[in-house]
Structures are given as structure tokens and as C-alpha cells.
Amino acid sequence: MTTVLVLNGPNLNLLGTRKPEVYGNTSLADVEKMCQSEADKLDLELVFRQSNHEGQLIDWIHEFGREVKAGNSIGAVYNPGAHTHTSVALHDAIEGAELPVIELHISNVHKREEFRHHSFISPVARGIIVGFGVQGYPMAINALHQLSQHGN
Ligand code: DQA
């Protein structure tokens, strides 16, 4: 079965308790359930991962770049958290692994502090979903699936 990776970066394990006025009350475990039901609808196998460590995230991006090349995966929905605004290494990992990525943010980062307005990930993302709350996750899985079917 073809996989879809949903990858979450630092602090997203705190979802549901961290700044609920910004990120809502839904936990990451609940987000996983939402992603599972979207993946089921699309006949995809969900791989759902979270890490607070940049190197671990880079290794997973490389792994799934290889999986996409082998025809086993359609790519990743990726919420890079604060790495969005800091990490050249994650930019280079996505580019180097040629992993199709939908960048996702729960909050509308453009309505927030100026340091959240720049993303190192956007130039290497296939598409971006921002500000739809946790509903953005199933939307992003769907969008990645459509890209994988129709190209571009
Ligand atoms: C976030 C936005 C980032 O600025 C922040 O550092 C996060 C979460 C979001 O989902 O809205 O950790 O990526």
C-alpha cells in the first residue's frame, strides 16, 4: 500500500495544551486520528511521526525521499513548527531528498509576529496550507494525493 508521511516538528507533541487560543484544544493523537480517516478514504497508509530533534527529522525526510523514488510513498505533509523560520538544514534535506512536501501551519503565521513571516521551507514545498487549524492536516493529505495523481 502506498504511504503518506505526516511529519511534525518541535513542540507539536504539546498540541492541545500549548497556547490553545492559537493552536486549539485538539491533541496530536486526535490529529493522527483525523489523518488516519483521510488516508483511509484515499487508500493510503498513514505514517505519522513527531520529533523535537532536527537531525531525526532530516533522517526521516531522507528516508521518505527514497520511499517516493521507489514508488512506495506520495510524500509528506510537514508542519516544521519553529524550524520553519530557522532551519536551512531542513530546507536542504527536502531539496536534497527531492521529497514532495506540503508545508502546513495550524495558525496563520502571517497574522502573527514578524519572525514567523519568513519560511525556509516554502521555497522547497510543493504547496502550503496555512491558518485552517488542525483541519489543515486532512486538507493537506488530500492536496498531496491530488498532486501525486495529476502532477504539478
Ligand atoms: C506552527 C507555527 C510556527 O510559527 C510555530 O513555531 C509552531 C507551529 C503552526 O502550526 O502554526 O510551532 O508551525
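All figures in this text were calculated on a predicted structure; none of them were measured in a lab. Whatever order the structure lists ligands and atoms in, that order sets their numbers, starting from 1.
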**Message:** Does the residue N11 have a heavy-atom contact with ligand 1, meaning some pair of atoms that are separated by less than 4.0 Å?
**Reply:** no

**Request:** Kindly give the heavy-atom pair with the smallest separation between L144 and A76, and that separation in Å.
**Result:** CD2-N, 3.4 Å

**Request:** Could you list the atoms of ligand 1 found under 4.0 angstrom from a heavy atom of V109?
**Result:** 2 (C), 4 (O)

**Prompt:** Do F115 and H117 make the cut of ring centroids closer than 6.0 angstrom?
**Reply:** no

**Request:** Verify whether one side chain among T3 and E67 offers a donor that lies under 3.5 Å from an acceptor in the other.
**Result:** no

**Item:** Salt bridge flag under 4.0 Å for residues E98 and R66
**Value:** no

**Item:** For atom 9 (C) of ligand 1, closest protein heavy-atom neighbour
**Value:** I106 N, 3.3 Å

**Prompt:** Under a 4.0 Å heavy-atom limit, does T84 contact ligand 1 with its side chain, its backbone, both, or neither?
**Reply:** neither

**Message:** Side chain or backbone, does A82 bring an N or O within less than 3.5 Å of an N or O on ligand 1?
**Reply:** yes

**Request:** Check step by step if side chain to side chain donor-acceptor pair (under 3.5 Å) holds for S27 and D30.
**Result:** CA-CA 5 Å; S27 69; D30 290 334; 3.3 Å; yes

**Message:** What protein heavy atom lies closest to atom 1 (C) of ligand 1? Include the residue and the distance to one decimal.
**Reply:** H105 ND1, 3.7 Å

**Item:** Joint cluster assignment, I74 & V68, ILVMFWY side-chain distance < 4.5 Å
**Value:** no

**Request:** Would you tell me whether Y23 and N11 have side-chain atoms, one donor and one acceptor, within less than 3.5 Å of each other?
**Result:** no

**Message:** I need the nearest protein heavy-atom contact for atom 12 (O) of ligand 1: residue, atom name and distance, please.
**Reply:** R18 NH2, 3.0 Å

**Fill in**
atom 11 (O) of ligand 1 sits nearest the protein heavy atom S107 OG, 2.6 Å

**Prompt:** How far is atom 3 (C) of ligand 1 from its nearest protein heavy atom, and which residue and atom is that?
**Reply:** H85 NE2, 3.5 Å

